[in-house]
Amino acid sequence: MTQPQTEPTANQTGAEPIIIARDVEKWYDNNFHVLKGVSMTVTKGEVVVVMGPSGSGKSTFIRTFNALEPYQKGTIEIDGIQLSHDLKNIDAIRREVGMVFQQFNLFPHLTVLQNVTLAPIWVRRWSKSKAEEVAMQLLDRVGILSQANKFPGQLSGGQQQRVAIARALAMQPKVMLFDEPTSALDPEMVREVLDVMRTLAGSGMTMVCVTHEVGFAREVADRVVLMADGMLVEDSKPDEFFTNPKSDRTKKFLSQILH
Amino acid sequence: MTTATPPSSAPPLNQIGAAAWAKKNLFSSVSNTILTIVSGLVLIWVVLTLLIWGFTQADWRVIPANFRLLMVGRYPINLIWRVWLALGLIVVAAGLSWGVLARNSRLFDRRGLIVLGIGAAALVIVLALLSDPISIAISLGLLALLVGLAFVGQQVGKVVPTFGNWLPLVWLVAFVIGYSLIRGFLIGRPVKGDDLGGLLLTLLTASVSIVLSFPFGILLALGRRSDLPVIRLLSTIYIEVIRGLPLITILFASQFLVPLVLPPYIRTDRLIRAVVGLTMFSAAYLAENVRGGLQAVPRGQAEASKALGMNPLLTTGLIVMPQALKAVIPTMVGQFISLFKDTSLLTIIGFTELLGIGQTILANPQFLGRNVEMYTFIGLIYFLCCYAMSIASQRLERQLNSSGTPTVAPAATIDP
C-alpha cells in the first residue's frame, strides 16, 4: 500500500474539472430508459471507480464520454470541449480520451507495435520513427517490450490487455476510460493488468474505471460511485463507500458482492 | 505460468503400410468391399475407354494445326512479341509475389518441386507437339524467369519486409502496361478488338473484369451498409437486380440494348460493352461476399478504432476492411474462378474467345467432326487455369494465416 496519493481531495479543493456530465439521459432503440439523468464531475488527476450491478448502465455511461454511445438529453464536456453531434468535436474528444475495453479489441491483423503506433501515425500525424519510439517506451512500461513484433493472437489475455492500455496511452490522452478491463481475464492474469493501472494512476492520469475489483477501488480510487437502474446512487470516498455507505442501495450491492 | 513440464515422450507411431491402409479405408466391411470393387471397375473401364479412344480413334491434328488461333486468335503475327512481353510482365509480378509470400518458408516443399517438374516436362512435350521451337524456348525462358524472380523476391522480402506492401502496385502496373501493350494503346499500331481471340481474349476479359469488379464490389458492399439511406437503397437495388438476372441476359443487353438506348453519335466498342457487363455482374456478387466478411468482423474492432480518434474512412480502410477481405479470400477466389469460366458465354454473343474460336475452327469443313478432340482440349485449358487460381489462393490464404492470426497460439511466455 505504498502507492503515491495524488491529491486525495481533488474534488473538494476545487481543482480543475476535466469531465463534466450533466443530466445525461439515454434511451435504447427499444425505448429502454438506460440512463435516467446521470451527472458526474471528474477533476484532473482523479481516479473514479464506477461500480454497480450488471445492466445498471455503467458501461453505457462511460461510453457516452467518447461518443461511442449517443445520448438524447443532457450535456457532456471533456477538457472544455462540448460533446455535440458535430463530427469535428467528436474526433477532437476521442483524441483526448483513451479507452480500454473488456474484450481488449486489439487489431488481430497488426503486430503489437503496429497496434500501438497506428493511431499516432494516422491521427496525430507523427512520423513513424517518433511513433515507434513512444510505443516502445509504453510497451516497456507495461512489460510487453519483448513481444513487440508478435501478433495479438500469440499473447495471453493479460498481455493483450496491457497492449491495449499501451495503445490507448500512445495517443497521449488526458483521460483514460476503463470498461471492465479485467472481467474477461483468467484469474491469474487480473493482477498484471491491475498493476499497470495502479502505476498509471500513480503517474497522475485522470481515470474512470468500471470494474468489480474491490481491492483496486479501495486502494487506488479517489472516489467510488455506484450506479443502479440508470441512476447514480452513491458518490463517496472509498473508505466511506465500503464501510459506511450513505445509500441503502449501496449497502445491498455491497452485501451481494462482498459475500 | 510456471508449469513444470513433465519429460515429454513421443506419441505412439501409427505405422501403416499400404496393405493396412487399404484394409482400413477400402475393405473394412462387406459393403465397403463391394463398393470399392464396383467403383474400381467403373473407374478402370472409363479410363481405359478414354485412353483407347485418345490413342487409336481420336485425330488430334486439329489442335496443332490451329494452336495459334486457339491461343491468340487473329492477333497480327508480326506483333505477337507484344503478347510475349505482356506475359513476361505478369510472370515478373507473379514470381516476385511468390517469393515474397514465401519469404519465411521454402519456395518449394517436396510436393511443389514434383509438381513443378511434372509441369515443366508436360509443357515441353505439349508445346513440342503443338508449337514452334521459338515459342517453346520463350515459354521455358519465362518459366525460368518465374523461378528466378521467386528466389529474388524471397531474398528481397527477407531484407525488406515491407516489400510485400508494394506487390499490389507491381501487379497493377504490370497489368496496365501489359494490357496497353497488347491493345497497342501507347505504342505502335493499335490492335482491333475483333482481332483478339482465343485464350488471349478469355484471359483479357476475365482479368479486366476481375480487376475492375474488385473496387466496385467493395464500394457496393460499403454502400449497402452505409448510414445514408439513399446510398444504401441504391446499392441494395443494384445488387438485388443484378443478382436476379442471368449473366447471359446482361451480356445480350450490353450488345443489343445499350446501342439502342445510347444516342447514335456515341459509338462504343462492343468488346468494352461486354467487359462492362461481366464487371457489373461480378461486382454485385462480390459485394455480397465482401458484406459477409464485413459482418464477420466484431463490432469491437470498429469501436476500438473510433475510440483512438480514427475517422470512419481510416477505421474502414485500416481496420475493418483488411480483416473482412482476408476472411473472404476463399469465396472471392471461387467467384473469380466462376467469372473466368463465365467468359465462355461471350461465345453466344459472337466473340471468338477460347470456346468461340474452337467452334469457328470446328465449322471449317477440314476439321469437321473433331468436336470431342477440340472440346477436350479446351476443357483442359479451362481446368488448368482454374486449378492454378485455386492453388494460388490456397497459398495466399496459408501465408496470410501464418503471418496474421495463428491457428495454434503458442503458450503464454513469462515476461521479465
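As the structure is a computational prediction, the values presented were derived from the model and not from experiment. Chain letters run A, B, ... following the sequence lines, proteins first, then strands; residues in each count from 1.
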Choice from A:Glu192, A:Gln103, A:Arg63, A:Gln102 maximising heavy atom contacts with chain B below 4.5 Å: A:Arg63

A:Asp91 side chain reached by B:Asn311 side chain, heavy atoms, under 4.5 Å: yes

Under 4.5 Å from a heavy atom of chain B, the part of A:Arg124 involved: neither

Where B:Ala304 and A:Arg167 come nearest, the two heavy atoms and their spacing: CB-NH2, 3.4 Å

Neighbour count above 12 (heavy atom, 6.0 Å) for B:Trp166 CH2: no

Whether A:Asn105 side chain and B:Gly300 backbone form a donor-acceptor pair below 3.5 Å: yes

Minimum heavy-atom distance B:Gln301-A:Pro108, with the two atoms named: OE1-CD, 3.4 Å

A:Asn30, CG atom: more than 12 neighbouring heavy atoms under 6.0 Å: yes

Note, A:Leu118 side chain near B:Leu318 side chain (heavy atom, < 4.5 Å): yes

Closest-packed option against chain B by number of heavy-atom pairs under 4.5 Å, given A:Leu177, A:Leu110, A:Leu106, A:Leu145: A:Leu106

Heavy-atom proximity to chain A below 4.5 Å, by part of B:Leu314: side chain

Crowding at CH2, A:Trp122 (>12 non-hydrogen neighbours, <6.0 Å): no

From CG (B:Leu308) to CZ (A:Phe107), nearest 0.5 Å: 5.5 Å

For the student: nearest non-hydrogen atoms of A:Ala119 and B:Met310, plus distance: CA-SD, 4.3 Å

Flag if over 12 foreign heavy atoms under 6.0 Å of NZ, B:Lys158: yes

CE-NE2 distance between B:Met321 and A:His109, expressed to the nearest 0.5 angstrom: 11.5 Å

